[in-house]
Enquirer: 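Got a structure here, written out as structure tokens. Questions coming.
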Amino acid sequence: MNGENMKIQAPVTKNETVEVTIEDLTYQGMGVAKVEDFPIFIAEALPGEQVIVKITKVQKSFSFGRVEKWLTESKDRVKTGDQKLTQTGIAPLQHLSYEAQLKFKHDQIQNLLNKTSLNIDVLPTIGMDNPTHYRNKAQVPVRMVKGQLQTGFYRQHSHELVPIEDYYIQDPKIDEAIVVVRDLMRKYHIEPFNEINHTGVVRNIMVRRGHYSNEMMIGFVTRTQKLPMADELVKEITAQLPEVTSIVQNINQAKTNVIMGKINKVLFGKETISDDLLGLTFVISPNSFYQVNPVQTEKLYKLAIEQVGLSGKETVIDAYCGIGTISLAMAEHAKSVYGVEIVADAIEDAKVNAQKNHINNVHFEVGKAEEKMGEWQEAGLEPDVIVVDPPRKGLTNSLIESAAKMQPKKVVYVSCNPATLVRDIELFAEQGYTVKQPIQPVDQFPQTTHVESVTVLERKK
Ligand code: SAH
């Protein structure tokens, strides 16, 4: 028989109900069951559970289902709060006990490593004592829902806004601020953004709050140059929320899903807020990246610094340095630190932060890490340590090659994506770098499926 003409028949059909046992959990937190080896992905179902599932979608090699009834429940299942938090993907693991969440994150890295020829262990995930209400930043869409302006979050895989007031994983002061701003936008008849027609004014509300400083920034992301009633909004926001030290309008006219535009207009106070991390003070611009979980970030950075074992004599490169948080924390224990970051505003912040903390053995440049690393290498820079903290897509081959040519003794890899981490560890191995200490995951995003970790790569003698 000609393989191409062979029709593969899925063993399940849409709307059918089947009884299955959940075998596994995907990295996105969905339960996996199999009918004749054909996978069914089922939201909110946990390994070991027997469930009756209604098939909702059938693709060529997998399908989706929804639990109609639980016949047995996992011992790791916990009572959930608001279902909206699962539907929107704000807290997709809220039904899993925190202990099991930490194990789930550990296993993700370990399982990926086990598929390679590398022999690397992963330590238990360092968790939070109180794994809720940790986020120091919110970015919520503003839309018209049934004739009323609402703030909330999109239902997963859709652009339907689900109104929310309690976000569960955010600083409650931020939740409170969003409601105040929402009510004022209603009062002053501010027109919410309409994605389909590309009309309306306010696309998103951004709120940041310093964990130690308690300074709060409110950002109106607008499609239009003008924010109507801006003076009235500022007056009432500052009266109702005394912690607010910065109100900015960020203009984003793009027809894309990118949340923030490039231009910020200060409507009140300063363009930045400040916060502390490991005893250092940092200013943060609206467009600069800043870790969202301050409590865990301190643990993560402390660990990274300890594992490097700086003596005060080292030259360090901090690639993907943001506002210079890791750079400045390391500068105190090193001879000099070179930071590179693609967002110009973040580098401006980093320079201000160096001054503010009276640190002058640091040098920051705007640029692509993969290009700057090559330039530094050609210029003869000889770092003892290279720190990388890339976005989810990980490192490029060229960055890894340039890094290895500089022959640092150690490379510290702070990762937010186990898949690219493991891929990059394999590439570093080709360049003569090995992992001797186990990888340490630190839970930066409780109730979600995100996995953050620190890996130390050492140069073979
Ligand atoms: N280490 C910092 C920031 C880490 S987040 C901290 O912990 O606060 C990753 C950073 O990489 C972001 O600031 C992002 O703007 C930056 N970035 C993304 N792509 C980049 C690239 N190609 N080159 C340099 N920086 C990049």
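In listed order, ligands and their atoms are each counted from 1. This one's a predicted model, so the numbers in the text were calculated from it and none came from an experiment.
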Enquirer: Without hydrogens or angle criteria, can the side chains of Gln139 and Asn204 be said to hold a donor-acceptor pair below 3.5 Å?
Expert: no
Enquirer: Would His198 and Phe193 count as a ring pair (Phe, Tyr, Trp, His ring centres under 6.0 Å) here? Give the steps.
Expert: CA-CA 7 Å; His198 204 69; Phe193 182 54; 5.4 Å; yes
Enquirer: Would you check if there is a donor-acceptor pair between the side chains of Asp349 and Ser285 at a distance under 3.5 Å?
Expert: yes
Enquirer: Answer yes when Glu426 and Arg423 have at least one side-chain N-carboxylate O distance shorter than 4.0 Å, and no when they do not.
Expert: no
Enquirer: Between Thr297 and Gln444, is any side-chain donor less than 3.5 angstrom from a side-chain acceptor?
Expert: yes
Enquirer: List, ordered by chain and residue number, the protein residues whose closest non-hydrogen atom lies under 4.0 Å from any atom of ligand 1.
Expert: Phe289, Gln291, Tyr301, Tyr320, Cys321, Gly322, Thr325, Ile326, Glu341, Ile342, Val343, Gly367, Lys368, Ala369, Glu370, Asp389, Pro391
Enquirer: Testing Val337, Asn357, Leu280 one by one against Glu332 for a side-chain contact (heavy atoms from CB on, under 4.5 Å), which residue passes?
Expert: Leu280
